[in-house]
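Written below as structure tokens is the structure these notes are about.
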Amino acid sequence: MPSYILQQESKNEILTVVQYIVYSPTFRVPAFYFLIYDQAGTPLGLEEVVSTSLFKPSTLSRTTVHETHIDLGNSHLDPTASVFPLLSQGDHPVLQTRCWYFHPCETERAVKELLKERQDGGDTMGLEQWLEIWLVVLSSVVNMEEE
Amino acid sequence: MAALQFSPFTSQVSPQLWHQLSKLKIDVLKLSQDSIDLKATYGAGRTIVDRESGKDIGMGCMLSASGDGFLKDRFAPAANVAIASGAVINYNTIEEFKDSNKKALFSQTADQIWASFDTDEPQISRFLLITFADLKKYKFFYWFAFPAFVPADAWTVKESGGLASAESVFGTEKLEKIADVLPAHPSAFLLKECENGTFETAPLSKYAAFFKEVPEDVRTIGFLDPSSDPQSPGWPLLNILAYLFHLTPTHKSHRVLAWRDSVVPAAGSPASAWKSRFATVVASPNSVPGVRPSAVGWERNAQGKLAPRMADLGSSMDPLQLAEQACALNLKLMRWRILPELQLETVADTKCLLLGAGTLGCYVARTLMAWGVKKISLLDSSRVSFSNPVRQPLFEFEDCLDGGKPKAECAAARLKKIYPGVDANGYSMSIPMPGHPIPKEAVAQAKKDVELLEKLIDEHDVVFLLMDSRESRWLPSIIAASKNKIVMNAALGFDTFVVMRHGPRATSFPASHTGIRLGCYYCNDIVAPKDSLTDRTLDQMCTVTRPGLASIASSTCVELLVSMLQHPQGLHAPAPPVTTNAAAASTTADVGANEDGSGGGGEGTSILGLVPHQIRGYLGQFRNLLVTGQQFERCTGCSEKVIQAYEKEGFPMLLQAFNEESYLERLTGLDKLYEESEAALANADWGEQGGNSDEDDF
């Protein structure tokens with residue numbers, strides 16, 4: 001390697017995550033869709049997806065991925081466990097590309113719980129507040145901080 | 001004066017690039033190996049904080065290529081990125097890709113860059129991309145080249161500390177003003193401070209005019225720097241310096257602002273929030289203007305070698321993989337949402353042999369596929385006839401023409417059409433049966449048929465008896481019992497059905513076993529199976545049934561199997577206990593009748609619910625009855641006498657069973673049973689019933 005070229009130390013693999021918020025007309029709530037791929041553009045398989053730093057450790061720490069299923073450990077019995085354990089794969093409703101998404105069937109219930117707490121505290125609830133709470137719920141599962 | 005070390009580009013490709021390339025190849029290029037234009041982008045170098053160590057991790061020096069880059073009208077890069085133009089050459093075979101004259105292609109690209117240095121728009125970041133798209137496996141081999149001119153003697157940095165923080169040189173206020181005036185895609189620009197304190201930029205080519213009145217020690221060259229290393233500027237700087245040296249050879253040193261603050265730090269941020277770097281770069285005194293320097297720039301692969309990279313998009317582009325993932329996901333959702341203990345792989349790995357590819361066979365096969373069963377074999381001796389397609393959902397009208405396709409193979413082929421990932425096979429064969437003697441000339445074939453049946457049963461885990469006669473179920477029952485295979489039985493009446501699982505053979509129970517041993521299809525018979533087919537009337541031959549019955553019986557049969565497979569004892573799962581319920585028991589005369597409703601978690605239940613021995617359905621009443629039948633020690637279908645005779649003697653014993661009417665009855669002792677009961681009847685003391693002699697005797 002010539003001296004004028006910086007030698008790249010072998011380091012962490014760089015993955016690109018593209019995140020979307022899509023409205024689900026069936027469940028009438030927002031749904032979180034994402035694509036995750038490596039430097040070559042190869043989309044990650046399920047086992048790799050769950051081991052990336054995209055997810056907060058508590059979400060999937062008790063999860064083991066097998067060839068045909070995902071074992072959630074006991075998280076389905078834990079009331080504080082994430083309400084987005086239902087990682088699914090499907091077509092992005094608009095772009096028609098293959099995407100991962102959190103199935104929205106539990107979303108309404110999860111948001112309603114927090115919504116109720118806030119309402120009891122005197123806040124008025126509009127769509128904006130609903131969306132805020134949805135983002136709070138989502139961020140308990142997905143790492144959303146920018147450095 | 002320290003030599004400058006430049007960070008080479010690494011490519012970052014999005015899957016859309018490959019999707020778009022595939023489309024281009026199929027629709028436009030076909031076999032052409034003409035180069036196609038591609039636009040790529042790069043942004044300011046980024047670092048992120050490692051959540052575990054808290055350290056800053058550089059994100060490398062990245063050039064991003066996506067599918068939009070092929071589409072002139074759809075290419076809309078964000079602000080604050082630089083645009084690089086490139087050429088893509090797609091080869092048609094991997095050999096051509098490997099043998100391509102890379103040196104020549106590289107030189108060509110470098111020449112293009114050098115030639116652009118004499119124009120107003122120098123192509124600082126022009127790149128080359130060679131590809132090979134394997135559209136059967138959806139694998140894409142590719143190699144980027146980012147030619148950059150390197151002087152014989154290295155560029156050096158005047159400042160002893162190397163690159164400095166731009167904030168320390170300009171101060172926050174000035175940097176904010178610079179950020180305000182940057183061009184939209186600031187790949188490279190000239191920068192000067194005006195008298196009124198604002199800043200102005202201009203393209204590099206305007207060097208002479210722009211810097212006319214500006215003293216040399218404040219002329220600044222700026223560029224969007226994709227490197228994140230504090231001491232190493234990004235690859236584009238090499239060509240920028242080469243260009244400037246070509247443009248104004250008398251200027252041997254340049255003040256360079258490596259701009260990395262696309263996102264300007266918020267007001268009040270500390271000085272360290274600014275990422276941009278600054279250095280005065282000096283050419284070697286030996287450098288000669290006007291001479292095209294040599295160029296380097298093939299991208300190294302992930303292992304650091306000068307070799308191509310590969311993207312594998314099978315999982316998102318290969319329709320077979322997409323089908324497989326979708327079907328598997330469907331089943332997984334059931335598991336995740338409702339039954340985490342469900343063992344899907346146990347079901348999927350169970351190899352199923354379906355004897356009979358008629359109404360029952362077709363519905364059973366479909367339901368098995370829905371459960372993800374990978375290996376399904378069908379056996380049938382007949383051809384598709386015109387009455388079949390409406391009732392047998394694997395067949396179509398065309399299958400009936402020209403005498404009709406063989407059912408077994410036709411069904412298997414249709415299964416593969418529905419889901420290509422299934423391992424489906426069809427075997428056309430007649431199953432020899434008791435009561436249908438085999439003529440001498442057909443014995444050799446019958447032997448072969450038996451051998452094939454034995455082999456198939458051996459190779460599978462479950463045998464489904466789905467034929468249209470009683471006696472044809474005998475031979476497979478014996479063989480399967482001998483091999484300890486699971487036998488699932490389904491039979492239809494006009495509006496009734498029976499679905500049952502055969503119990504395990506007697507010798508497979510440990511000596512300590514108490515409790516009921518479950519029986520087989522023949523356990524309730526007191527005669528051996530005999531010819532029920534000859535002299536049948538038309539309605540008996542075609543087994544006329546209510547059309548809805550077959551799917552109900554078939555689905556019930558598959559679900560019973562799956563429930564049993566979920567039971568930890570599998571084939572040895574006991575039936576749920578008998579609960580007596582007078583009202584229900586009065587509707588059936590069966591031995592050991594059960595009533596539905598035994599609770600979950602008790603004996604004879606799996607996580608899916610009950611694992612009954614027999615289910616008898618009465619469509620007229622929309623009612624199922626659960627029945628437990630005990631193993632009969634003189635049964636012609638499962639008694640040890642019969643199985644052991646088969647195991648000892650093999651085909652000759654079977655031949656006797658097929659040919660001699662009373663053989664099985666003698667073997668099992670059923671003939672004795674008949675004699676015993678006759679004797680008991682004769683010996684019964686029918687004493688006088690006092691006083692009512694005009695009552696009828698029964």
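The model shown is predicted, which means the values in this text are computed figures rather than measured ones. All chains are named by letter (A, B, ...) in the order of the sequence lines, taking the proteins before the strands, and each is independently numbered beginning at 1.
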Check each atom of B/Gln16 against the heavy atoms of chain A and say whether the ones under 4.5 Å are side chain, backbone, both or neither. side chain
Looking only at heavy atoms and a cut-off of under 4.5 Å, which of B/Ser227, B/Pro8, B/Ala154, B/Ala65 has the most pairs with chain A? B/Pro8
Going by atom type alone, with no hydrogens or angles, which donor-acceptor pairs under 3.5 Å involve a side-chain atom of residues 307-319 of chain B and a protein atom two or more places apart or on another chain?
| unit_1 | atom_1 | unit_2 | atom_2 | d |
| --- | --- | --- | --- | --- |
| B/Arg309 | NE | B/Arg300 | O | 3.4 |
| B/Arg309 | NH2 | B/Glu299 | OE2 | 3.4 |
| B/Arg309 | NH2 | B/Arg300 | O | 2.9 |
| B/Asp312 | OD1 | B/Gly314 | N | 3.0 |
| B/Asp318 | OD1 | B/Leu320 | N | 3.1 |

Contacting moiety of B/Ser14, where chain A heavy atoms sit under 4.5 Å: both
When the ring centroid of A/Tyr4 is compared with that of B/Phe6, is the distance short of 6.0 Å? no
Determine whether the aromatic ring centres of B/Trp18 and B/Tyr142 lie less than 6.0 Å apart. yes
Residue from B/Gln12, B/Met62, B/Gln231, B/Gln303 scoring the most non-hydrogen pairs under 4.5 Å with chain A is B/Gln12
Using the test ring pair (Phe, Tyr, Trp, His ring centres under 6.0 Å), find all partners of B/Phe149 that sit at least two apart in sequence or belong to another chain. B/Trp114, B/Phe117
Show your working on side-chain hydrogen bond (donor to acceptor under 3.5 Å, both in side chains) between B/Ser7 and B/Asp229 and close with a plain yes or no. CA-CA 8 Å; B/Ser7 290; B/Asp229 186 296; 5.6 Å; no
Give, as side chain, backbone, both or neither, the part of B/Leu4 having an atom under 4.5 angstrom from any heavy atom of chain A. backbone
Examine whether an atom of B/Trp155 lies under 4.5 Å from a heavy atom of chain A, and if so say whether it belongs to the side chain, the backbone or both; otherwise answer neither. neither
